[in-house]
Amino acid sequence: MLMKRALGPGDLDSKRPRVGLSTAEIISMLEQREAARKERSYERADALRATLRAHGVELMEGEKEWRAADGRRGVVGAAPRSSAPTVHMTAENSAIVTKVKQV
C-alpha cells in the first residue's frame with residue numbers, strides 16, 4: 001500500500017519547479033498590491049499582479065488566495081502572526097492541524 005506523506009512548511013512538491021520568488025517576497029508584493037488598490041492606483045496594482053504571474057504566482061480573487069506553480073499557497077490579505085511566512089494547510093492534512101491546535 002502506498003502511503004502519502006503530508007507536506008510540511010519547508011517541503012515542495014518535487015514534480016513542480018520552485019518559483020523564483022520566496023514566500024516572503026510574494027507576501028510583500030501582495031501587500032504592495034493591496035495598498036495600491038486601496039489608493040486606487042490600479043495600474044500599479046495590475047503591474048504587480050503581472051509580475052507575480054510572470055513568476056508563476058496566480059491570484060484567485062474570489063477565493064482570496066494565491067497559488068504558486070510549485071504548490072505553495074496562501075491567503076491574500078492575511079496578516080501573519082509572526083515574521084515567519086504563513087503556511088496554510090490543505091484539506092489533505094487538516095487532521096494534523098486539528099491535533100496540533102488541541103495540544
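Just so you know, these numbers use all the heavy atoms, side chains as well, and skip hydrogens, waters and symmetry mates.
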Distance from [X] atom [atom1] to [Y] atom [atom2], nearest 0.5 Å?
| X | Y | atom1 | atom2 | answer |
| --- | --- | --- | --- | --- |
| Leu48 | Glu31 | CG | CD | 11.5 Å |
| Leu21 | Met29 | CG | CE | 6.0 Å |
| Ile26 | Arg72 | CD1 | CZ | 4.0 Å |

Test side chain to side chain donor-acceptor pair (under 3.5 Å) applied to Ser41 - qualifying residues, sequence neighbours left out: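 Per chain and number, Ser41 pairs via side chain to side chain donor-acceptor pair (under 3.5 Å) with no residue.
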
Contacts of type side chain to side chain donor-acceptor pair (under 3.5 Å), residue Arg44, not counting sequence neighbours: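 Testing Arg44 for side chain to side chain donor-acceptor pair (under 3.5 Å), a comparison that skips the adjacent residues, returns Glu39.
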
By side chain to side chain contact (heavy atoms under 4.5 Å, CB included) - contacts of Glu43 (at least two apart):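 Once residues adjacent in sequence are excluded, Glu43 has no partner under the side chain to side chain contact (heavy atoms under 4.5 Å, CB included) criterion.
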
Partner set under side chain to side chain contact (heavy atoms under 4.5 Å, CB included) for Arg37, not counting sequence neighbours: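 Residues passing side chain to side chain contact (heavy atoms under 4.5 Å, CB included) with Arg37: Arg33, Glu34, Ala45, Glu61.
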
Within a strict 4.5 Å, meaning less than it, do heavy atoms of the [X] and [Y] side chains meet?
| X | Y | answer |
| --- | --- | --- |
| Leu30 | Leu52 | yes |
| Ser28 | Glu25 | no |
| Val57 | Arg67 | no |

Residue list, salt bridge (charged side-chain N to carboxylate O under 4.0 Å, His left out) with Glu58, at least two apart or on another chain: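 Testing Glu58 for salt bridge (charged side-chain N to carboxylate O under 4.0 Å, His left out), a comparison that skips the adjacent residues, returns Arg53.
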
Any donor-acceptor pair under 3.5 Å from Arg49 side chain to Leu59 backbone: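 Confirmed, Arg49 side chain pairs with Leu59 backbone.
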
